[in-house]
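Below is one structure; the comments refer to it alone.
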Amino acid sequence: MSAALFEPYTLRSLTVPNRVWMAPMCQYSAEVFGPNAGVATDWHFAHYASRATGGAGLILVEATAVAPEGRISPADLGLWNDTQTEALRRIAGFLKAHGTVPGIQIAHAGRKAATERPWLGRGPAPAEEAWQPVAPSPVPFDEGYTVPAELTEDGIREVVDHFAAAARRALAAGFEVVEVHGAHGYLIGEFLSPHSNHRTDAYGGSFENRTRLALEVVDAVRAVWPEELPVFFRVSATDWLEEAGWTPDETVRFAALLREHGADLLDVSSGGNGGPARIPVGPGYQVPFAARVKAETGLPVAAVGLITEPAQAEKILANGEADAVLLGRELLRDASWPRRAARELGASTFAPPQYAWAI
C-alpha cells in the first residue's frame, strides 16, 4: 500500500522525502541582549533535532528576524549577523544529516514587533526590552499596543535589503528552502491588507501597490537564492474581515503573481491581522484556501490548520487539495507524528539507525 503522505516531492532540483512538513513556530527562547541576542540556543537545537529524528520530511525553522527591529518578541531568533548564522548552521547540518530538508522562514514583525513572550502575557514587551515598531501606517495592531512609526520609502528599501541579506545568510548556514513570511499580520502582510495599510503612495491603495513590497522582497530573495533551490511564501489567505481586509480572491490573484516572480510554493494560512475577526476554527479549516489556489493558479501549495490525524492528512493529499501538509502544534504534542502516521497508513519513513534497529 502506498500513501500520498509518504511520497517524495520535488521542487526545482530539491527532493523532499515525504509530504509531512513542520510549520514554523516561534520558541521565543533566544537571548535578548548582548553578543548572543537572537542566536539559536541548545533549546532550538534539541527542538528541531527531535522533529528530524521523528521523520519530518522538511522543517521550517521559526520566524527568524531579518533585522533587530523585526523581531516579534525580544527573545526571537535573528539572522542579521555571523554569530546567528553559525548557530543556525549547526541546526541545518543536523537536519540534513538525518534525512530532513532544512528550511527557514525569514520575517519582519512590523507593528507586531517588540511584544511580550506569549506565556508572559499579551501586548508590548517591558520598556527595558522594547523598541519602536514600524509599519506601513501609524495604526496599532490592537488596543494597548504601541503605535508604529510609518515606514518611509527609504525605510521600505532597507527592509527589502534586509530580506536579501538574511536569505544570503540562510544559504551560508546550509538551509535548502527559504520562506518569506507574508502572513499573520506581520510587516509584509500589513502592506497587503487595506485594514492595516492606509498609505497613499506607491505602496498603498490599489492591489498592485499593496502587493509591491511583497513582490520586491520575493525578487530580492530569489536574486540571491540558488536557481536550483525553492523559495516559499507564507500568506494569510484572508484576514477574516470581509471586505475590510485581505480576501481569498486577492490571494488567488497574488499567488499567480508570486509564481511569475519565482516563488515555488505558497504556504497558505489565514488571520492574524487584528480587527473584529470571526474565525470558524475546526479541523482543516484553512485547507479550502490552499485547494483553491492550487486549482486556480497551478502554484504548488502546503495546507495548514488543525491537521492532526494521519487519515485526515492523507485525504487532503489524495484529493489533490495540497501538495504537502504543514503540521504545527500537533508536532509540539508528538515529535514522532510522521512515524506514527506511517504505521497507521502502512507506509514507511526515515528513522535514525539508533532508533530503527529497536523499532
Side-chain angles (χ1 to χ4, degrees), residues 5 19-28 51 56 60 62-63 72-73 105 107 109 111-112 115-119 121-123 141-145 179 181-186 188-190 192-193 195-196 232-252 254-255 266-295 301-319 321-335 337 340-341:
L5 205 57
R19 317 293 183 97
V20 186
W21 301 351
M22 182 177 177
M25 290 175 285
C26 289
Q27 298 297 291
Y28 309 104
R51 275 71 194 176
L60 287 171
E62 64 202 77
I72 301 166
S73 86
Q105 183 185 73
R111 67 180 184 169
K112 293 173 75 175
T115 54
E116 186 56 282
R117 302 154 189 79
W119 55 83
R122 192 171 181 271
F141 170 66
D142 203 352
E143 185 177 346
Y145 283 74
E179 176 172 271
H181 196 356
H184 302 159
Y186 298 118
I188 293 175
E190 291 164 19
L192 292 176
S193 174
H195 175 71
S196 45
F232 291 6
F233 190 97
R234 186 166 228 195
V235 71
S236 282
T238 175
D239 287 337
W240 299 103
L241 297 173
E242 305 298 334
E243 295 306 314
W246 179 258
T247 68
D249 288 345
E250 288 179 310
T251 294
V252 172
F254 179 51
L266 193 65
D267 172 357
V268 187
S269 188
S270 71
N273 200 25
R278 301 197 327 186
I279 305 175
V281 175
Y285 71 104
Q286 296 174 143
V287 174
F289 299 125
R292 182 180 171 192
V293 168
K294 181 174 171 63
V301 297
V304 303
L306 282 178
I307 299 170
T308 60
E309 296 302 323
Q312 174 197 16
E314 174 68 12
K315 185 177 180 181
I316 291 166
L317 299 185
N319 288 348
E321 296 173 283
D323 299 284
V325 293
L326 278 160
L327 271 61
R329 295 178 190 187
E330 192 60 23
L331 276 175
L332 298 184
R333 299 181 189 102
D334 180 0
W337 191 97
R340 176 168 71 84

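- Between the side chain of K112 and the main chain of S73, no donor-acceptor pair closer than 3.5 Å is present.
- Of the possible donor and acceptor atoms, one in the side chain of Q27 sits under 3.5 Å from a partner among the backbone N and O of M25.
- Between V20 and W337 the shortest side-chain heavy-atom distance falls below 4.5 Å.
- Remark: side-chain polar atoms of D239 are not paired, donor with acceptor, to backbone N or O of N273 under 3.5 angstrom.
- Using a 4.5 Å heavy-atom cutoff, the side chains of L327 and M22 are not in contact.
- Proximity of a side-chain donor or acceptor of S236 to a complementary backbone N or O of A183 within less than 3.5 Å is not detected.
- Within the structure, side-chain hydrogen bond (donor to acceptor under 3.5 Å, both in side chains) contacts touching residues 304-314 (residues at least two apart or in different chains) do not occur.
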| message | Applying side-chain hydrogen bond (donor to acceptor under 3.5 Å, both in side chains) to T251 and W246, what does each step give before you reach the verdict? | response | CA-CA 8 Å; T251 294; W246 179 258; 2.8 Å; yes
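- Ion pairing of R292 with D249 is present here, as a side-chain N (NZ or NE/NH1/NH2) and a carboxylate O approach within less than 4.0 Å.
- In the displayed structure, R278 atom CZ is contacted under 6.0 Å by at most 12 heavy atoms of other residues, nucleotides or ligands.
- Heavy-atom contacts from other residues, nucleotides or ligands closer than 6.0 Å to CZ of R329 number 12 or fewer.
- In this structure, L317 and D323 have side chains that are not in contact, with every pair of non-hydrogen atoms separated by 4.5 Å or more.
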Next on the checklist: If you apply the rule side chain to side chain contact (heavy atoms under 4.5 Å, CB included), what do you find for L326 with D267, and how did you get there?
Outcome noted: CA-CA 8 Å; L326 278 160; D267 172 357; 3.4 Å; yes
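- The shortest heavy-atom contact between A63 and I72 is CB-CD1, 4.4 Å.
- A ring-centre distance under 6.0 Å is found for F289 and W240.
- Not a single donor-acceptor pair under 3.5 Å links the side chain of E116 to the backbone N or O of R122.
- Without hydrogens or angle criteria, S193 side chain to G189 main chain gives no donor-acceptor distance under 3.5 Å.
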